[in-house]
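All heavy atoms count here, side chains included; hydrogens, waters and symmetry mates do not. Since we're looking at a predicted model, the values are computed, not measured. Throughout, numbering of the chain's residues begins at 1 and tracks the sequence.
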Amino acid sequence: MSTLHLYDSLTGALRRFEALNAPHVGMYVCGPTVYSDVHLGNTRTFLSFDLLFRYLKHLGYKVRYVRNITDAGHLENDADAGEDKIAKKARLEQLEPMEIVQRYTLGFHAVMQAYNALPPSIEPTATGHIVEQMELIKTLLADGYAYEANGSVYFSIETYLKTHPYGELSGRSIDDLETGTRELEGQTDKRHPLDFALWKKALPEHIMRWPSPWSVGFPGWHLECSAMSTKYLGSEFDIHGGGMDLKFPHHECELAQNKGATGHGGARYWLHANMLTLNGKRMAKSTGNTLDPRDLLAGTSEHLSKAYSPGAVRFFMHQAHYRSVLDFSDSALQAAEKGYHRLLASMQTLRKRPAHGPEQGTWNFGEWDAACTEAMNQDLNSPILIAQLFEATKAIAADQIDPQVLGTSGAKELLGRMEVWMFEVLGLAPEHQANNQQWQKALDSAMSVVLDLRQKARETKNWPASDALRDTLVEGGIVVLDGPEGSSYRLE
Ligand code: AMP
Ligand code: ZN
């Protein structure tokens, strides 16, 4: 299996990845609902798709990665009832809803950056695409897949079922879905309990509202992703992703909307990342069973014995396959950190390796690198990739005793490839880069001591000592700047 294969939820099978318009790839991932901070579970899903984004780029694809921000119309209850989550938070905190959106969007970006996730190519917001959502509703109404009732518009499952299957993505039969759905009180506008809202007429207390041909109201949650994915990627595109819990109803409804409006289901591959659990239970905002991704970096949580670097946390996550449930624990994280540091130390050994032995060694580097590729080609099997990286550390250890193992060029080549797998593909930033703030603080305090010493040497006209200090720093890439206010430094 030397080409990329991805597990597609729609067919329930591992499928060879063929881009619709290679080398271009269109990928859409459902982003966060910005009414609170993202938790470590959300972070895991976004890092799973960061891994995919990175690997597709590594394979040479030009990826247009669209990840939305859900900043409107997401009701507390999947049955289209309850209060808008953002508006509720705004009401409780006496803020404008867009202040809530801004605060948590910035927080989300900070977390993504801290964990070295690459930014998407486009990050559209639901509120910025109300017009597109209304256009989609008009198309569905014209095609007969939707109906208006008292200023709200619903998607008609009964009509849809005449020409399409419903439940194919989540593998649910209509009978199961019907028995699992109760008609909610006050939901009389719907013709069928499985119908879902495309547009909701706003109740007087609903803050986030827009004028439309049907009522002053707001769009249904599922609609935004259909509108934004097709706007930026076309009615047929390559990959749609999200967490497992979005399969139903969100993605199932998206698929139905897309088929109803364009004839295409949207994505050709539907990918779902599995959940992160804490104490065996899914991390979820609603239950409070969560960990704040920032707490891990600061070590400020009752669930932690210490602080961890973003690289160690990512390593912990990628040691599990993205489709497996991963349970969080401090001891598992400690074990991952140990392994991660072992790999970094092994790479450091390679960097410092003196040029000795033959050019090429006896170790089969080509076979090892092919095994790494093969692992990632099999539905992004990062745990097997990491196992291969540990195999390389064994060869590095053997090479220390006998330089015939890697050879001089072989060692360089191996280091280069390990850097690619570790940093480019797995996104494990080298410790000093990932932990920039901490390093900056440490460097600042060490430099203040050094600059003080140099100042004292200058005051006593001990020029050789002051010059020696400056020259040593320059060798390390630190330039000392002498000014009227005293000395400072900058990195070369
Ligand atoms: P939300 O902001 O709740 O829509 O969630 C953002 C993303 O995180 C979605 O793709 C969810 O499926 C995903 N997600 C939510 N809870 C977890 C969890 N415990 N583990 C992994 N992913 C999750
Ligand atoms: Zn979505």
Is there a side-chain contact between [X] and [Y] in this structure, where contact means two heavy atoms from C-beta onward sitting under 4.5 Å apart?
| X | Y | value |
| --- | --- | --- |
| Ser2 | Thr373 | no |
| Trp210 | Thr127 | yes |
| Asp292 | Thr300 | no |
| Lys259 | Thr163 | no |
| Leu389 | Trp368 | yes |
| Asp379 | Tyr322 | yes |
| Thr43 | Pro293 | yes |
| Leu344 | Met422 | yes |

Taking all non-hydrogen atoms of both residues, which atom of [X] and which atom of [Y] are closest, and how far apart?
| X | Y | result |
| --- | --- | --- |
| Gly311 | Leu428 | O-CD2, 3.4 Å |
| Leu255 | Gly265 | CD1-O, 3.3 Å |
| Tyr232 | Pro124 | CE1-CB, 3.8 Å |
| Asp8 | Thr11 | OD2-OG1, 2.8 Å |
| Tyr115 | Leu40 | OH-CD1, 4.5 Å |
| Arg67 | Gly31 | CG-CA, 3.9 Å |

Quiz question: by atom type and distance under 3.5 Å, do the side chains of [X] and [Y] form a donor-acceptor pair?
| X | Y | answer |
| --- | --- | --- |
| Tyr7 | His321 | no |
| Glu359 | Ser409 | yes |
| Tyr308 | Asp330 | yes |
| Ser324 | Asn274 | no |
| Thr70 | Asn68 | yes |
| Asp71 | Tyr104 | no |
| Ser156 | Asp195 | no |
| Ser305 | Gln334 | yes |

Does [atom1] belonging to [X] count more than 12 external heavy atoms closer than 6.0 Å?
| X | atom1 | value |
| --- | --- | --- |
| Arg64 | CZ | no |
| Lys412 | NZ | no |
| Gln113 | CD | no |

Is there a donor-acceptor pair under 3.5 Å between the side chain of [X] and the backbone N or O of [Y]?
| X | Y | answer |
| --- | --- | --- |
| Ser346 | Leu343 | no |
| Asp295 | Ser301 | no |
| Glu132 | Thr230 | no |
| Asp238 | Ala19 | no |
| Asn289 | Lys281 | yes |
| Arg16 | Thr3 | no |
| Trp199 | Met134 | no |
| Asp369 | Gly366 | no |
| Asp84 | Ala87 | yes |
| Arg268 | Glu18 | yes |

Can you check side chain to side chain contact (heavy atoms under 4.5 Å, CB included) on Leu296 and Leu304, steps first, answer last? CA-CA 7 Å; Leu296 267 85; Leu304 301 170; 4.2 Å; yes
Do Arg15 and Tyr269 meet the cation-pi criteria used here (NZ or CZ under 6.0 Å from the six-membered ring centre, within 45° of the axis)?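 Satisfied, under 6.0 Å and within 45°.
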Aromatic Phe53 / basic Lys57 pairing, under 6.0 angstrom, 45° off normal: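 Yes; both conditions hold, so Lys57 lies above the ring face of Phe53.
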Is there a side chain to side chain contact (heavy atoms under 4.5 Å, CB included) between Leu350 and Leu406? Walk through the geometry before answering. CA-CA 10 Å; Leu350 274 186; Leu406 294 178; 3.7 Å; yes
State which residue, out of Glu224, Glu254, Met228, fulfils the side chain to side chain contact (heavy atoms under 4.5 Å, CB included) condition with Cys30.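 Exactly one option meets the side chain to side chain contact (heavy atoms under 4.5 Å, CB included) with Cys30, and it is Glu254.
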Could you walk me through whether Asn116 and Phe423 pass side chain to side chain contact (heavy atoms under 4.5 Å, CB included), step by step? CA-CA 10 Å; Asn116 204 28; Phe423 305 139; over 6 Å; no
Give the ring-plane orientation class for His240 versus Phe237, where under 30° counts as parallel, over 60° as perpendicular and anything between as tilted.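 Answer is tilted, since the angle falls between 30° and 60°.
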For the residue pair Phe155 and Phe196, categorise the inter-ring angle as parallel (less than 30°), tilted (30 to 60°) or perpendicular (more than 60°).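 Phe155 vs Phe196 ring planes: parallel.
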Any chance the rings of [X] and [Y] have centres within less than 6.0 Å?
| X | Y | result |
| --- | --- | --- |
| Phe17 | Tyr61 | yes |
| Phe108 | Phe46 | yes |
| His303 | Phe328 | no |

Should Glu135 and Lys231 count as an ion pair when the cut-off is N to O under 4.0 Å?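 Salt bridge between Glu135 and Lys231, a charged N being under 4.0 Å from a carboxylate O: no.
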For Leu198 and Leu136, run side chain to side chain contact (heavy atoms under 4.5 Å, CB included): C-alpha distance rounded to whole Å, both residues' side-chain angles, the deciding distance at 0.1 Å, then the answer. CA-CA 9 Å; Leu198 299 172; Leu136 194 52; over 6 Å; no
So if I apply the side chain to side chain donor-acceptor pair (under 3.5 Å) rule between Ser170 and each of Glu252, His251, His250, His272, which one comes out positive?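 Going through Glu252, His251, His250, His272 one by one, the side chain to side chain donor-acceptor pair (under 3.5 Å) with Ser170 is satisfied by Glu252 alone.
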Gap between atom CG of Asp245 and atom OG1 of Thr45 - 0.5 Å precision: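 If we round to the nearest 0.5 Å, Thr45:OG1 and Asp245:CG are 7.0 Å apart.
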